[in-house]
Amino acid sequence: MPEWQALARHRERLGEVRLRELFDADARRAERYGVQVGDLHLDYSKHLVNDETLALLRQLAEAADVAGLRDAMFRGDKINVTERRAVLHTALRAPRDAVIEVDGENVVPGVHAVLDRMSDFAAQVRDGGWTGHTGARIRTVVNIGIGGSDLGPAMAYEALRPYARRDMDFRFVSNVDGADLHEALHGLDAAETLFIVASKTFTTIETITNATSAKNWLLDALGDGDAPADDSAVARHFVALSTNGPEVAKFGIDTANMFEFWDWVGGRYSFDSAIGLSLMIAIGPDRFRELLDGFHLVDEHFRTAPPEANAPLLLGLLGVWYGGFFDAQSHAVLPYSHYLSKFTAYLQQLDMESNGKSVDRAGRPVAWQTGPVVWGTPGTNGQHAYYQLLHQGTRMIPADLIGFARPVDELGPELAAQHDLLMANLFAQGQALAFGKTAEEVRAEGVAEEQVPHRTFDGNHPTTTVLAAELSPSVLGQLIALYEHKVFVQGAVWDIDSFDQWGVELGKVLAKRVEPALTEGAAVAGLDASTTALVARYRRLRGR
Ligand code: F6P
């Protein structure tokens with residue numbers, strides 16, 4: 001595209017652009033390069049861009065018709081081209097009176113009907129109205145799911161712990177490694193345990209395997225010692241979240257205990273559908289609706305804000321800039337909040353499963369970089385582990401620093417006082433990454449000349465700082481929607497289908513094919529020499 005070429009020329013002209021110089025040249029840069037969306041303040045002044053860069057990036061977005069595709073998504077057009085599906089996670093948080101049609105049918109009433117059923121159920125579990133098979137109150141909720149059916153609720157439960165019931169326990173099982181379920185069940189009383197089996201397709205082998213084992217554990221535990229309990233116990237202890245009623249019934253869960261969603265909700269975009277039930281039980285229906293309102297607020301911002309002030313558009317384009325013109329390979333997300341300890345793992349699926357593509361929407365190989373590797377853990381832990389590479393390594397790694405002004409109320413005065421130290425670290429890192437420390441500054445401290453190169457910080461590492469007053473349910477919703485739409489913008493510019501995930505299929509098929517070789521020593525056609533030898537060694541090690 002000419003707009004891409006224009007950016008390439010601009011990049012050449014910018015040459016070794018320095019953040020120090022950009023700030024020196026514009027006293028108002030921090031103020032001008034900031035945007036407010038809902039409760040989130042975004043400072044993008046520490047990026048290697050000037051007004052011309054931003055204008056050229058917006059022109060690229062216009063040429064790629066990001067706004068057109070965005071409107072098509074919100075309208076319910078089938079923009080997931082390879083699966084011929086609408087992409088309507090935004091409908092999951094639309095107000096009751098909204099009208100959004102898929103194949104001529106308004107989907108909003110169905111969304112709210114399920115939300116209402118979830119709210120009823122969550123309220124019953126929370127107040128003890130819903131009891132287990134023996135009449136005992138539910139004390140523990142175990143969500144069994146993987147990918148989008150796990151990461152969202154698990155992340156949000158951690159994020160919103162201060163809003164969650166402290167007298168109930170919430171556990172999340174995803175890995176087909178039996179150790180995951182084993183540890184999750186440790187110490188549990190089956191009579192007080194509710195299993196939520198979360199799977200859009202209800203065919204995901206990890207989830208169905210774990211759910212089957214959980215069912216057997218429950219029936220054994222509720223039995224009389226000689227015989228397991230009969231299947232009627234399942235109805236009080238298992239609910240399903242799925243789009244697939246027949247498979248739910250086949251598994252043995254009454255579809256009366258199923259909370260549905262729809263094929264126009266992608267797995268990694270499903271957390272505010274029925275998939276959020278465990279979180280809703282934890283924080284209560286009202287707080288859950290505040291979370292949805294937070295999502296909706298950013299949806300509306302993305303849909304209506306002008307390009308210059310459109311936060312997801314800006315973040316998306318900045319990523320396109322670094323991937324396309326600085327050869328940046330990865331993007332770090334560094335939350336300065338213990339509660340966001342699972343946030344980056346959640347974003348990994350959102351971003352990498354969406355934009356880890358190498359053909360365009362028409363199936364032609366792309367000639368540009370697509371989605372980056374997304375990684376990161378909460379500060380300040382990362383500072384004492386891998387930040388060395390961020391500061392003095394050879395790679396360009398743009399990063400997001402996310403922080404909150406207020407610690408949660410329940411910390412108490414002493415722990416709350418630590419919050420300033422936490423946030424001082426966030427601000428210090430943003431500054432150090434951007435401006436570094438010159439050799440002259442190091443020398444001025446009297447450092448011996450041979451040490452100077454080792455103690456010099458080049459700086460010029462771009463960051464976005466996201467700051468909000470506190471991590472409330474609404475703010476969490478706003479943050480997630482911000483990233484969802486950022487990923488959307490990038491997919492649109494790169495002209496890829498951000499809503500399919502064919503890349504996960506091959507491994508699934510091969511695992512099914514290889515398993516009999518492990519268990520029975522079966523000869524499996526098509527195994528390569530390396531894998532055949534590894535399987536043989538595995539079997540020997542297992543004494544088979
Ligand atoms: O294998 C990838 C994937 O399909 C993800 O996209 C999805 O979130 C996950 O598996 C779980 O799928 P399901 O909810 O159908 O069990």
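Computed from a prediction, not measured in an experiment: that's the story for all the values here. Just follow the structure's listing: the first ligand is 1, and inside any ligand the first atom is 1.
For E505 and K512, the salt-bridge test fails: no basic side-chain N is under 4.0 Å from an acidic carboxylate O. Under a 4.0 Å N-O distance rule, the pair D360/R364 qualifies as a salt bridge. A salt bridge links K357 to D500: one of the charged nitrogens lies within less than 4.0 Å of a carboxylate oxygen.
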When you look at Y483 and F343, which way does the ring-ring contact (aromatic ring centres under 6.0 Å, His included) test go after all the steps? CA-CA 11 Å; Y483 280 97; F343 188 64; 5.7 Å; yes

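Those atoms of ligand 1 with a heavy atom of Q349 less than 4.0 angstrom away are 5 (C), 6 (O), 7 (C), 8 (O). Those atoms of ligand 1 with a heavy atom of S199 less than 4.0 angstrom away are 13 (P), 14 (O), 15 (O), 16 (O). Each of the following atoms of ligand 1 lies closer than 4.0 Å to a heavy atom of K200: 13 (P), 14 (O), 15 (O), 16 (O). In summary, the atoms of ligand 1 found under 4.0 Å from a heavy atom of S149, numbered by their order in the structure, are 13 (P), 14 (O).
Nearest to atom 10 (O) of ligand 1 among the protein's heavy atoms is K508 NZ, 4.6 Å. Ranking the protein heavy atoms by distance from atom 3 (C) of ligand 1 puts E353 OE2, 4.1 Å first. From the protein, the heavy atom lying nearest to atom 12 (O) of ligand 1 is T204 OG1, 3.5 Å. The protein heavy atom nearest to atom 15 (O) of ligand 1 is T201 OG1, 2.6 Å.
Within 4.0 Å of atom 8 (O) of ligand 1, at least one protein heavy atom is present.
Using a 3.5 Å distance cut-off with no hydrogens or angles, the side chains of N355 and S498 do pair a donor with an acceptor.
Surrounding CZ of R137 are more than 12 heavy atoms belonging to other residues, nucleotides or ligands, all under 6.0 Å away.
Proximity of E505 to ligand 1 is not established, as no heavy-atom distance is less than 4.0 Å.
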